[in-house]
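Let me begin by presenting the structure, written as structure tokens, before commenting on it.
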Amino acid sequence: MAELQDIGAFVAVATHGGFREAARQTGNSPSQLSEAVRRLEAQLGVRLLNRTTRSVAATEAGQRLLEQLTPALDAVSSALDVVNGFRDRPAGRLRLNVPLSASRLILPRILPPFMAAYPDICVEVIVEDSFVDLLRSGCDAGIRYEERMEQDMVAIPIGPRTQRMALAAAPAYLQRRGVPKKPQDLLQHDCLRGRFGSGAMPAWEFSHKGRTVVIEPAGPLVVSLGGGADLAVDAALAGSGLVYLFEDWLRPYMTRGELVPVLERWWPAFSGPSLYYPGRRYLPAPLRAFVEFIQTTRW
């Protein structure tokens, strides 16, 4: 019978589409994974992966094997994790996939007390704003807003239940260019925009007394949403234009007077994020502990 570690190596490589990414996810080296897959193929007498210099893909036999192995390995993992219930405290790794806004605005208030309560759990946080397949990425759970959440997932609220987008600019900019009085005035101003990894550039939406106004402003700077947000804030602080971002992100600058709120009565509110994870009967002990911690944490 093939060694379980070799089987696990094949599943990791096939799932993540390559030895390098599988190595990053599992903590092994690409050469170790490659050797393990070769041993498994030799033992079975069947090629499981087609390898080129640019890509790795499962053969038909490899795909059929992967389909059968995945639920079996999940069951093995769940069975082994039952032992965690006999410990004084859960142990293991908790892997979270979150957008930059959650890593900046949500997790700093949650992770320190959670890690203090569960010192034997190692939390790994992967920050990315692009849409990801949670299972394929090797993560236990993620944080997303409803419109960007994967289907068929269990979701529980995490963080504030209501958030707002905010618009702000430096005092020097407003003194130089004037203060917008209504959303349409932004078409005559320098606006610091953001773009998703997909290439889409979201419009700026405003709402007041049941009326919604959507604006497509122009400006001197476009940044990638997520990773480039701090650059947009820095540009706004320097007086380069207006920035449109989470209110909680901009609030410290507004409190210090470095940025001035603009069109505040038009700031739109929206539902807060959720922690989501696969709906399994048996959750890994670290994830179960985190879910219970979130459910008892007041924001």
Under the side-chain hydrogen bond (donor to acceptor under 3.5 Å, both in side chains) rule, collect the residues that match up with Glu258, sequence neighbours excluded. Arg256
With side chains defined as the heavy atoms from C-beta onward, is the minimum distance between Arg93 and Pro286 less than 4.5 Å? no
May I ask you to list the residues sharing a hydrophobic cluster with Met201, side-chain cutoff 4.5 Å, ordered by chain and number? Val222
Indicate whether any N or O donor in one side chain lies under 3.5 Å from an N or O acceptor in the other, for Thr255 and Arg251. no
Nearest 0.5 Å, what's the SG-CG distance between Cys139 and Leu287? 11.0 Å
Any carboxylate oxygen within less than 4.0 angstrom of a Lys/Arg side-chain nitrogen, looking at Arg39 and Asp6? yes
Can you tell me how far the CD atom of Glu128 sits from the CG atom of Asn97, to the nearest 0.5 Å? 4.5 Å
Check for a donor-acceptor pair, side chain of Arg51 on one end and backbone N or O of Leu49 on the other, with a separation under 3.5 Å. yes
Under 3.5 Å: donor-acceptor pair, side chain of Thr59, backbone of Leu48: yes
Give a yes or no on whether a salt bridge exists between Arg38 and Glu35, defined as a side-chain N under 4.0 angstrom from a carboxylate O. yes
Contacts table for residues 234-246: side-chain donor-acceptor under 3.5 angstrom, sequence neighbours left out:
from   : atom 1 : to     : atom 2 : distance (Å)
Ser240 : OG     : Ala235 : O      : 3.3
Tyr244 : OH     : Glu205 : N      : 3.3
Tyr244 : OH     : Glu205 : O      : 2.6

So which pairs with a foot in residues 180-190 pass salt bridge (Lys or Arg N to Asp or Glu O under 4.0 Å), sequence neighbours left out? Arg177-Asp190, Lys182-Asp185
Would you please name every residue forming a side-chain contact (heavy atoms from CB on, under 4.5 Å) with Arg161, sequence neighbours left out? Pro157, Pro273
Report the distance from atom CG of Asn50 to atom CD of Glu60, rounding to the nearest 0.5 Å. 11.0 Å
Under the side-chain contact (heavy atoms from CB on, under 4.5 Å) rule, collect the residues that match up with Gln188, sequence neighbours excluded. none
Answer yes or no: is there a donor N or O on one side and an acceptor on the other, between the side chain of Asp140 and the main chain of Arg95, under 3.5 Å? yes
